[in-house]
Novice: 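Dropping the structure in here first, questions after.
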2 protein chains.
Amino acid sequence: MKAADKAKHRTDMISSALRSAILERVLMPGMKLPEDSLGERFGVSRTLIRQSLERLAAEGLVELRRNKGAMVAKPSLEEARDLFELRTQIEDLVISRVIKNMNPEILDELEAHLAKEIAAEHASEPISIRLATEFHILLAKLAGSPVLLRYVEEIGYRCGLTLSLYARPHSTDCGIQEHRQIIDALAKGDEETARELMRHHLTAVADRALFTTVEGGPLLYLDALEPYAKKVRDGGA
Amino acid sequence: MKAADKAKHRTDMISSALRSAILERVLMPGMKLPEDSLGERFGVSRTLIRQSLERLAAEGLVELRRNKGAMVAKPSLEEARDLFELRTQIEDLVISRVIKNMNPEILDELEAHLAKEIAAEHASEPISIRLATEFHILLAKLAGSPVLLRYVEEIGYRCGLTLSLYARPHSTDCGIQEHRQIIDALAKGDEETARELMRHHLTAVADRALFTTVEGGPLLYLDALEPYAKKVRDGGA
DNA sequence: TGTGGCGAAATTGCATGCAATCCTTTATAC
DNA sequence: GTATAAAGGATTGCATGCAATTTCGCCACA
């Protein structure tokens, strides 16, 4: 076996690439995702693209209409509300669990992530957006429950997608300040405050998102995908 | 379009068939699921089987090891505990929501399901087991949140699978009495009692499950799958 | 008798091909 | 000029084929 034996297989890499592209708003809700165009870009056959699309569809990031192809999901306002409401309740569980597991290493990881967020804040809008989502996922990892993690990931991704539909472009969708405060409360072991802050944070995000309608019927054009595809073709992560 | 235009496609039917077979303990944890044997049984090519297996793997009912094929998932005790713990917390949310939506129609549905459970109680063990799981899923449906429903489904199925590994065979895994009480509390609109009953119910199920080890290395033999396959081949639901 | 390795059979990973379906455009009738 | 219909092109649904990987049986050898 080679040194850097590719841990995952191509389907995983393609799914991840597409997921990132969606979260970084390179692929916008409603964009078509034709199998052969993608296959050509990624240098694989339709088979693998199909698998990836199905996986993303299971996560709710892609809509898969029979005989009509795939497109980036375009959640309705109702779905979006449902999503954010559940998110608040689920991440409440996360906070409770993280508090129980709290230790210096965990704190380090959180601080490290926050540092990344701060670094990207003025450097790259798309990456900053993705990092905001991943803060919540990091928390879920630290909660120590694989199943809970999966759900937070999925909800987080879908909320990220929703924000790209409904949030106004230049709001920092997930206030870094708010992440800061949550970490501080966790560091102090103050469960009540941490939960309250998280609830408040998520409500704020949802509010910023769900009352500004950004209509605009986009369609094709996946040229912007090229950097993501290249990484996969070159075997990168 | 034909009268009974097949609402779903063959992949869905196959996934459902396999899921039922797992929940009814026809397919036991650890059993191998080779693509061509299944394809032959179901009268389709490996392609569709593969898709179905991947879907079930995403749900956690099937384990998919690269180059080594699929098998019915065999959750560790640790995973099982994680699952049941989260289940308790998630279904707590379900109860809260169902209470808010409570109305006579909902009550009817619950009563109808309970009637089915009672009918199957002494008639068919496998079906009785499946119905017990589906009681919880019906509740989640009535909660009105599609996302929450998906998670309850998944957790419920996985818990059902877990029970077939760890629970002693002849316990009624989900006491019908307990379902009865929960419905009554819901009917009265007594949220606290309903939540408490559900917590107690799920804890009881978990306890019955997680302390009896039913070792036994099963492997192949999917002949028992035949009835499930037949339904799919004939285009039934 | 137990162990290591070699080769064949079984099984998956992926690409490709053909048929079915849907969408678009063009042509024709009113 | 609008509307309807038919043909052509594009795209998915599914099956099949070949290469790669794993598994298992077999034999040599300690």
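Keep in mind the model is a prediction, meaning the values are calculated, not measured. Only this structure's heavy atoms are used, side chains among them; waters, hydrogens and symmetry mates stay out. So that the names make sense, note that chain A is the first sequence line, chain B the second, and so on, each numbered from 1.
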Novice: Would you kindly give the CZ-to-C1' distance between Arg66(B) and dT21(D), to the nearest whole Å?
Specialist: 12 Å

Novice: Measure the distance from CE on Met71(B) to P on dT23(D) and round it to the nearest whole Å.
Specialist: 13 Å

Novice: Is there a salt bridge (Lys or Arg N to Asp or Glu O under 4.0 Å) between Arg19(B) and Glu59(B)? Walk through the geometry before answering.
Specialist: CA-CA 10 Å; Arg19(B) 193 167 25 237; Glu59(B) 291 176 21; 2.5 Å; yes

Novice: Evaluate the side-chain proximity of Cys159(B) to Thr133(B): yes if any heavy-atom separation is below 4.5 Å, no if none is.
Specialist: no

Novice: On DNA chain C, does the nearest nucleotide to Ala70(B) precede the nearest nucleotide to Val44(A) from the 5' side, or the other way round? Give the residue.
Specialist: Ala70(B)

Novice: In the structure I gave you, are the side-chain heavy atoms of Arg25(B) and Leu163(B) within less than 4.5 Å of one another anywhere?
Specialist: yes

Novice: Would Glu117(B) and His179(B) count as having a side-chain donor-acceptor pair, cut-off 3.5 Å?
Specialist: yes

Novice: How about Thr203(A) and Phe84(A): do any of their side-chain heavy atoms sit closer than 4.5 Å?
Specialist: no

Novice: Under 4.0 Å, heavy atom to any atom of DNA chain D: which of residues 46-58 of chain A qualify?
Specialist: Arg46(A), Arg50(A)

Novice: What is the distance, to the nearest angstrom, from the NZ atom on Lys68(B) to the C1' atom on dT23(D)?
Specialist: 10 Å

Novice: For the residue pair Gln51(A) and Arg10(A), confirm or rule out a side-chain donor-acceptor distance under 3.5 Å.
Specialist: no

Novice: Using side-chain heavy atoms (C-beta onward) and a distance below 4.5 Å, is Leu114(A) in contact with Leu110(A)?
Specialist: no

Novice: Please identify the 5'-most and 3'-most nucleotides of DNA chain C with any atom under 4.0 angstrom from a heavy atom of chain B.
Specialist: dT12(C) to dC14(C)

Novice: Name all residues meeting the ring pair (Phe, Tyr, Trp, His ring centres under 6.0 Å) criterion together with Phe42(A); count only those two or more places apart in sequence or in a different chain, and write none if there are none.
Specialist: none

Novice: Between dT11(D) atom P and Glu35(A) atom CD, what is the distance in whole Å?
Specialist: 11 Å

